[in-house]
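Only one structure is covered here, and it is reproduced in the block below.
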Amino acid sequence: MADTRQTAKEIHERFSEHGDVDLEDIESRLENLVDEYKVPIDEARRSVENQLSDEVGVERGGGGGGGGSDYGDIAELDAPDEWTNLRVKVVELWDSDSDAVAQSGLIGDESGRIKFTSWAKSNLPLLEEGKSYELENVVTDEFQERIGVNLNSSTEITEIDEEVEVGSGDIEVSGAFVDVQSGSGLIKRCPKEDCTRVLQNGRCSEHGEVEGEFDLRVKGVIDDGEKVYDVLLDRERTEEITGITMEEAKQQSMDALDTSVVTDEIEEHLIGRYYRVKGPRIGRYLLVDEMEDASEPEFDLDDLLMEARSA
Amino acid sequence: MSVGMREVAHRVFAGEFRDASHQFKESDDERAPSYVLLPTGEKANRVFVVGTLTEKDDIGEDGEYWRARVVDPTGTFLVYAGQYQPEATDVIREVEPPEYVAVVGKPDTYEPDDGDVITSIRPESVNVVDADTRDTWIQETAERTVDRIEAGPLKDDAVERYDRDPGEYRDVVVEALKSLEE
């Protein structure tokens, strides 16, 4: 049955990073429950997941165990395929032109905001804008380098009376700019409405060959010696901090017949210098709203000397 | 979770880095990251240093291979860059010493036939910076080094390996800070 195959794959994906689990084994356990014992597929999934949880020693998702669910922070979600429970408010709902999507939009908690998608095939109750919910068993997903959460057929949705506070999710970081990553500089985006995907060799992964629209950005890394942060500078920030305007970037690229001259110049401006940046964290990226020089030539030397000497 | 996570760039003075002669991996996997053990008790797979590039030599026989000396108030970092570090090589080739540079790179060790282990840096990037950045780095590196002296996570390993009290590196920190007094 196609249904057990798909469910088996989802379960396998969830557990494979935690231990040695076999897709065939999962599928045969599911088939046994569904075909032999006539257990509904969602119940069968719960049962197999709980068995596997015990076997590989993973925390159970909120689904079957009942009670004692922990809720994660949205800001902590930084990798795809993580299962979690969230307590959120629906910040806004978006129109979707895809039949596969029942609903999508933005949910938030105190730590930040994240995109959610509820797939039509999961047949879940719809969320209402402005209301707060407990969402158990949601899974993270990565799309265009941003982390979102998917509601799926095992997700339990409970509306709650208490209103969840939604934080801006802004974080402030100060450190050295240690890397400018590929995909930085002058890029072209798909011009189709709501697409904006970055083109690879003039092609959009969704719309094929298109006449791209220029944009300028930096994907970089700020490192404070204890932690690293992936940061994203949009066109405005990039122009402001590097002094290179998009028009200049286009001209330079045309003269050199190569956009890497722009990336080289961006690196020359940023790498090895200290910056303080502030902005919301969306998925793994800190989207920089504010950025300033953080080199501090004036500091209390006596204080530091005292600290260094005190054994 | 640690899969694919980028390693932090540790701040370390040349006076400590030159003593970090022990290089190791945490697993037998060929692709496992390699670390040097800092004498203040931290493992470093990446470092960030700022200093004055005072000398550079192309010591390559077949192709370009640069050795640059990057000096901080406590000693000298040796930076080696060749065809596999194209971006750093481009910068080193163009730089006219003396010049302040920031270097992000991987620590590396080698043992010459006739002497002590030499610890060097294989740069991922080299960039010309200003004196403010250099001063900020000294201040930051002083703080980070004192933090490690007080609570380096691999302090016991370091003491055993190097037979030296991490507290001795307070002198290195003081030396670095005093250079800013003028």
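Quick note on labels: first sequence line is chain A, next is B, and so on, each numbered from 1.
- Neither the backbone nor the side chain of V180(A) comes within contact range of chain B, judged by heavy atoms closer than 4.5 Å.
- Counting non-hydrogen atoms of other residues, nucleotides and ligands closer than 6.0 Å to NZ of K250(A) gives a total above 12.
- Using a 4.0 Å cut-off between a side-chain N of Lys or Arg and a carboxylate O of Asp or Glu, R11(B) and D147(B) do not qualify as a salt bridge.
- Using a cut-off of 4.0 Å between Lys/Arg side-chain N and Asp/Glu carboxylate O, K227(A) and D224(A) are scored as not salt-bridged.
- Screening E175(B), E16(B), E150(B) for a salt bridge (Lys or Arg N to Asp or Glu O under 4.0 Å) involving R170(B) leaves a single residue, E150(B).
- The interface of residues 100-122 of chain B with chain A, defined by heavy-atom distances below 4.5 Å, comprises A102(B), V104(B).
- There is no contact between V91(B) and chain A, counting heavy-atom distances below 4.5 Å.
- The pair E290(A)-R237(A) does not meet the salt-bridge criterion, since no charged nitrogen lies less than 4.0 angstrom from a carboxylate oxygen.
- Across T141(B), T145(B), I138(B), T133(B), the residue that shares the most heavy-atom pairs under 4.5 angstrom with chain A is T133(B).
- Because its NZ or CZ atom is not both nearer than 6.0 Å to the ring centre of F177(A) and within 45° of the ring axis, R273(A) does not count as a cation-pi partner of that residue.
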Identify every side-chain donor-acceptor pair in residues 72-82 of chain B under 3.5 Å, counting partners at least two apart or on other chains, and give the distances.
| from | atom 1 | to | atom 2 | distance (Å) |
| --- | --- | --- | --- | --- |
| D72(B) | OD1 | T74(B) | N | 2.6 |
| D72(B) | OD1 | T74(B) | OG1 | 2.8 |
| D72(B) | OD1 | G75(B) | N | 3.0 |
| D72(B) | OD2 | A14(B) | N | 2.8 |
| D72(B) | OD2 | T74(B) | OG1 | 3.4 |
| T74(B) | OG1 | A14(B) | N | 3.4 |
| T74(B) | OG1 | G15(B) | N | 2.8 |

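- Listed by chain and residue number, nothing satisfies the ring-ring contact (aromatic ring centres under 6.0 Å, His included) test with F116(A) (two or more places apart in sequence, or in another chain).
- Between K9(A) and E13(A) there is no salt bridge, since no side-chain N of the basic residue sits under 4.0 Å from a carboxylate O of the acidic one.
- Counting heavy-atom pairs closer than 4.5 Å to chain A, the top residue among V146(B), D171(B), L177(B) is L177(B).
- Heavy atoms from other residues, nucleotides or ligands lying under 6.0 Å from CG of D163(B) number 12 at most.
- Between chain B and the residues L270(A), D179(A), D264(A), the most heavy-atom pairs under 4.5 angstrom are made by D179(A).
- Chain A forms more heavy-atom pairs under 4.5 Å with one residue of V174(B), V129(B), T136(B) than with any other, namely T136(B).
- The shortest distance between side-chain heavy atoms of W83(A) and S154(A) falls below 4.5 Å.
- Ranked by non-hydrogen atom pairs under 4.5 Å with chain A, the options D135(B), N127(B), D130(B) are led by N127(B).
- Minimum interatomic distance between T263(A) and S184(A) (heavy atoms only, all atoms of both residues): OG1-O, 3.5 Å.
- The side-chain heavy atoms of D223(A) and V8(B), taken from C-beta on, include a pair separated by under 4.5 Å.
- Along residues 26-65 of chain B, the residues that come nearer than 4.5 angstrom to chain A, judged on non-hydrogen atoms, are F48(B) in order of number.
- Heavy-atom pairs under 4.5 Å with chain A were tallied for E7(B), E87(B), H10(B), E143(B); the largest tally goes to E87(B).
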